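Take a look at the structure below.
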2 protein chains.
Amino acid sequence: MATNPITKASVLTDIMLAVFRVNGRLLEKGDLLVAPLNLTSSRWQVLGAVALAGKALSAPQVAEAMGITRQGAQKQLNKLEEEGFLEMLQNPRHERSPLYALTAQGDQTISATMSLQNAWANALAAQLPLQDLKSTLQTLNGIYEQLDSPVPTKGAKT
Amino acid sequence: MATNPITKASVLTDIMLAVFRVNGRLLEKGDLLVAPLNLTSSRWQVLGAVALAGKALSAPQVAEAMGITRQGAQKQLNKLEEEGFLEMLQNPRHERSPLYALTAQGDQTISATMSLQNAWANALAAQLPLQDLKSTLQTLNGIYEQLDSPVPTKGAKT
DNA sequence: CCGCTAGTGGAAACTGGTTGTCAATATGTG
DNA sequence: CACATATTGACAACCAGTTTCCACTAGCGG
């Protein structure tokens with residue numbers, strides 16, 4: 001540590017750890033944010049996926065949109081339906097596979113989350129320069145892409 | 001949306017989503033990385049905490065170091081001990097609370113993870129400019145701090 | 001029309017984390 | 001020393017997600 005060469009790898013490793021911490025904190029704060037609406041972060045995310053689609057979705061479509069498994073999405077959908085945020089519509093394409101649509105309560109709730117989220121993001125972003133945020137977003141996306149395709153030059157050489 | 005004002009809040013929201021995605025991918029790839037060593041990402045993290053400390057730790061100390069709850073850490077410690085990566089030492093300070101130390105196998109395994117992690121980070125970071133990585137780390141840490149203290153105008157003491 | 005395959009939901013077991021409770025051990029204060 | 005309080009481990013229930021298996025449905029090719 002005395003001679004401290006700050007390598008790209010070491011900074012990236014620190015970024016990884018920072019991502020873990022920020023991720024955890026984000027979920028934690030997100031839970032608090034929507035708790036008054038009787039939601040959790042994950043239920044919020046499912047509801048948001050349906051709202052964003054602007055139409056009724058089947059369970060596999062929600063899973064696809066969220067990047068989780070079909071069964072994981074199904075669990076949340078079942079609960080959300082039970083609690084009145086979503087309603088099941090007959091699916092003309094598949095009789096055993098209903099479509100999930102926002103109820104009036106669901107619609108109202110998702111609107112509320114949006115204004116909460118907006119206020120939250122504004123408060124958080126206030127202290128941070130726009131340019132930093134932009135470049136961070138870009139770098140994170142770059143990292144994500146690298147993670148997606150980690151073997152560009154398998155046996156190939158320079 | 002026609003006139004597209006890129007606000008700080010909107011960029012920050014995108015960063016949040018990026019953090020979620022990167023976090024997921026990181027865990028996924030991390031699992032793959034250490035699977036040959038009979039570890040998972042979380043077990044790796046626990047083992048790493050003990051290794052980093054350089055001495056035997058109690059369960060609450062591990063939890064503290066990892067930022068998870070005492071019980072969560074305990075679960076992993078029990079498994080790690082069962083599988084021979086850690087051994088329990090008598091704690092002179094507390095007779096019911098053992099200290100966990102790396103076994104030879106544990107030490108060997110954590111060394112292996114380090115070289116794997118290093119190679120991985122090097123490969124990932126190769127495509128990314130050092131300056132971008134540095135500023136991203138700094139911004140993420142800034143966001144983390146903002147998340148930690150969302151009410152800066154509160155206690156101006158200490 | 002029949003049968004095969006792909007898509008779909010449900011249930012169960014598992015991972016990794018949380019909270020809560022309880023009992024036992026440490027610690028500090030009178 | 002004695003007692004109140006804080007740590008700690010064990011256990012159980014729960015949340016959020018995964019994988020796996022089973023059964024039913026849709027759709028396509030013979």
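Labels below follow one simple rule: chain letters A, B, ... track the order of the sequence lines, proteins then strands, and each chain is numbered from 1. These numbers were taken from a predicted model, which means no experiment stands behind them. Computed from heavy atoms alone, side chains included, the values below leave out hydrogens, waters and symmetry copies.
- Between the CG atom of A:Asp31 and the C1' atom of D:dG17 there is a distance of 14 Å, rounded to whole Å.
- When the P atom of C:dT8 is taken as reference, atom CD of A:Glu64 falls 11 Å away, rounded to whole Å.
- For the pair A:Leu99 CG and C:dG9 C1', the computed distance is 14 Å after rounding to whole Å.
- Regarding A:Leu27, its CG atom lies at a distance of 17 Å from the P atom of C:dG16, rounded to whole Å.
- The interatomic distance linking B:Gln45 (CD) with C:dT15 (P) rounds to 18 Å, in whole Å.
- Within the 4.5 Å cutoff, no side-chain heavy atoms of B:Arg43 are placed close to those of B:Leu47.
- In summary, the side chains of A:Glu145 and A:Asn141 do not present any donor paired with an acceptor at a separation below 3.5 Å, with no hydrogens or angles considered.
- The heavy-atom pair separating B:Ala56 from B:Leu99 by the smallest distance is CB-CB, 3.6 Å.
- When only modelled atom types and interatomic distance are considered, B:Asp31 and B:Thr40 share no side-chain donor-acceptor pair under 3.5 Å.
- Rounded to a whole Å, the CD1 atom of A:Ile68 is 13 Å from the C1' atom of D:dC15.
- Shown here for B:Leu57 and B:Ala53, the closest heavy-atom pair between the two residues is CD1-CB, 3.6 Å.
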Sort me out a list of protein N/O and nucleotides 6-8 of chain D N/O pairs below 3.5 Å, or just none if empty.
unit_1	atom_1	unit_2	atom_2	d
D:dT8	O3'	B:Ser97	OG	2.8
D:dT8	O2	B:Arg96	NH1	3.2

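- Contacts of residues 76-89 of chain B with DNA chain C (heavy atom under 4.0 Å): B:Gln76, B:Lys79.
- B:Arg43 places its CZ atom 11 Å from the P atom of C:dG17, with the value rounded to the nearest Å.
- Taking 3.5 Å as the limit, the base of C:dG20 and the side chain of B:Gln71 contain a donor-acceptor pair of atoms between them.
- The interatomic distance linking A:Arg25 (CZ) with C:dT18 (P) rounds to 12 Å, in whole Å.
- Between B:Thr69 and C:dT18 there is a side-chain N or O to OP1 or OP2 distance below 4.0 Å.
- Taking every heavy atom of both residues into account, B:Ala18 and A:Leu137 meet most closely at CB-CD1, 4.1 Å.
- Scanning all heavy atoms of the two residues, the minimum distance from A:Lys8 to B:Ala126 falls at NZ-O, 3.4 Å.
- Looking only at side-chain heavy atoms (C-beta outward), B:Thr109 and B:Phe85 come within less than 4.5 Å of each other.
- In plain terms, the two heavy atoms of A:Ala59 and A:Ala73 that are nearest each other are O-CB, 4.1 Å.
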